[in-house]
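Take a look at the structure below.
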Amino acid sequence: MEIRRFFVSRCDIADGAVTIRGDEFLHMTKVLRYKVGYKAVVCANDGVEHTCTVKEIGRDYARLTIDCSKVVDKKGVSITLYAGLLKNNKLDFVIQKAVELGVDRIIPFTSANCAETKFSVDRANKIALEAAKQCGSAYLSRVDELISIDEMAAQLKNYDSVLFAYEGERKLKLSDALREGKHIALIVGPEGGFQPDEAENIINAGASSVTLGRRILRAETASIIFCALVLNGLGELD
Ligand code: SAH
């Protein structure tokens, strides 16, 4: 039987045991029909995999004992992707791919040229959870609530480095702007791109605008290639 992966909070791991609750409990017991004695791999978003055995299944929790734990992935950097909200659920695709690549946090934003207004943070986090399980990650990426472009600009001071994929930037290449840091933010616009004053505000808030080449990429292509190039440049895809 395939050993399935589950994510828990760190506080659900104590004294050699793990408690699975909420949606992960329902998935484990109702969808996968886990029983006492089954094996599971449990992660708590810290790069450690715990191989466990189910000992008890309660009404709304399952208790597992840890058979062995090992560090499988130590990230040197935390990447946050600010992504302009896209039409027709196209952000789902961006979330899935960003999680597969190892992005830690995705924060969608609205701006003047956004054609979409609807966004469900619960649905987005389900997509992130599924992607983390599917790609065998020991980290659970988080998707935040939708914010405005001004709120995004106000948050940029919290990062060591902010890289802004701007279709209006012709000179600065990513390889020249990439700097080491623990917390790095990436910004990619919606289908309609950025208004000049929006781009100026983002740059004034401390971001370095970079070009992703002389062709205009679709927003979802830009997000994926941007994340991949940055993660590779920082040695996180080695
Ligand atoms: N409608 C805009 C393009 C938007 S592309 C226009 O015609 O100019 C969507 C987003 O992808 C952009 O806002 C930017 O963040 C990113 N992007 C696409 N191509 C890019 C490029 N060549 N360089 C930098 N960013 C790019």
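Both ligands and their constituent atoms are indexed starting at 1 by order of listing.
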Next on the checklist: So which atom in Cys114 and which in Pro190 form the shortest heavy-atom distance, rounded to 0.1 Å?
Outcome noted: SG-CB, 3.7 Å

Item to check | Test item, Asn113 contacting ligand 1 (heavy atom, 4.0 angstrom) | outcome: no

Next on the checklist: Other residues, nucleotides and ligands only: do more than 12 of their heavy atoms fall within 6.0 Å of CG on Asp67?
Outcome noted: yes

Checklist entry - Among Ala199, Ser223, Ala222, which residue places a heavy atom closest to atom 16 (C) of ligand 1? => result Ala222

Checklist entry - Any idea which atoms of ligand 1 are less than 4.0 Å away from a heavy-atom of Val210? => result 24 (C)

Checklist entry - How are the rings of Tyr166 and Phe194 set to each other: parallel, tilted or perpendicular (split at 30° and 60°)? => result perpendicular

Next on the checklist: Under 4.0 Å, heavy-atom basis, I'd like to know which part of Tyr166 is in contact with ligand 1: side chain, backbone, both or neither.
Outcome noted: backbone

Next on the checklist: If I compare all heavy atoms of Thr65 with all of Lys55, which pair ends up nearest, and what's the gap?
Outcome noted: OG1-CE, 3.2 Å

Checklist outcome for this item: shortest atom 1 (N) of ligand 1-to-protein heavy-atom contact is with Glu191 O, 3.0 Å

Next on the checklist: With respect to Ala219, determine whether any N or O atom, backbone or side chain, lies less than 3.5 Å from an N or O atom of ligand 1.
Outcome noted: no

Checklist outcome for this item: Only one of Glu100, Gln96, Lys97 passes side chain to side chain contact (heavy atoms under 4.5 Å, CB included) with Cys135, and that residue is Glu100

Checklist entry - Any salt bridge between Arg142 and Asp144, counting N to O under 4.0 Å? => result yes

Checklist entry - Just which atoms of ligand 1 are under 4.0 Å from any heavy atom in Phe194? => result 13 (O), 15 (O)

Next on the checklist: On a heavy-atom basis, I'd like to know which of Ala83, Gly84, Pro190 is closest to atom 9 (C) of ligand 1.
Outcome noted: Pro190

Checklist entry - Side chain, backbone, both or neither: which part of Arg214 comes within less than 4.0 Å of ligand 1 when only heavy atoms are counted? => result neither

Checklist entry - Where is the tightest heavy-atom contact between Cys52 and Val18, given as atom of each residue plus distance? => result SG-CG2, 4.0 Å

Item to check | Short N-O contact, Asp92 and Arg123, less than 4.0 angstrom | outcome: yes

Checklist entry - With only distance considered, is Gly213 within less than 3.5 Å of ligand 1 through an N or O on each side? => result yes

Quiz: residues 201-209 side-chain donor-acceptor pairs under 3.5 angstrom, not counting sequence neighbours:
unit_1: Asn204; atom_1: ND2; unit_2: Glu200; atom_2: O; d: 3.4
unit_1: Ser208; atom_1: OG; unit_2: Arg179; atom_2: NH2; d: 3.4
unit_1: Ser209; atom_1: OG; unit_2: Glu169; atom_2: OE1; d: 2.7

Item to check | Heavy-atom nearest neighbour in the protein, as seen from atom 8 (O) of ligand 1, with distance rounded to 0.1 Å | outcome: Glu167 CG, 3.6 Å

Next on the checklist: Suppose we measure from atom 7 (O) of ligand 1 to each protein heavy atom; which comes out shortest, and what is that distance?
Outcome noted: Ile216 CG2, 4.4 Å

Item to check | Nearest non-hydrogen protein atom, atom 15 (O) of ligand 1 | outcome: Ala165 O, 2.6 Å

Checklist entry - Who passes side chain to side chain contact (heavy atoms under 4.5 Å, CB included) against Thr221, sequence neighbours left out? => result Leu217, Arg218

Checklist entry - Between Lys90 and Glu116, is a salt bridge (charged side-chain N to carboxylate O under 4.0 Å, His left out) present by the stated rule, with each step listed? => result CA-CA 10 Å; Lys90 271 191 273 170; Glu116 183 60 88; over 6 Å; no

Checklist entry - Can you tell me which residue and heavy atom of the protein come closest to atom 18 (C) of ligand 1, and the distance to 0.1 Å? => result Leu217 O, 3.2 Å

Next on the checklist: Give me the nearest non-hydrogen protein atom to atom 10 (C) of ligand 1 as residue plus atom name, then the distance to 0.1 Å.
Outcome noted: Gly189 O, 3.7 Å

Checklist entry - Would you say Ile187 and ligand 1 have an N/O pair spaced under 3.5 Å apart? => result no

Checklist entry - Between Leu174, Leu212, Ile225, which one has a non-hydrogen atom sitting closest to atom 23 (N) of ligand 1? => result Leu212

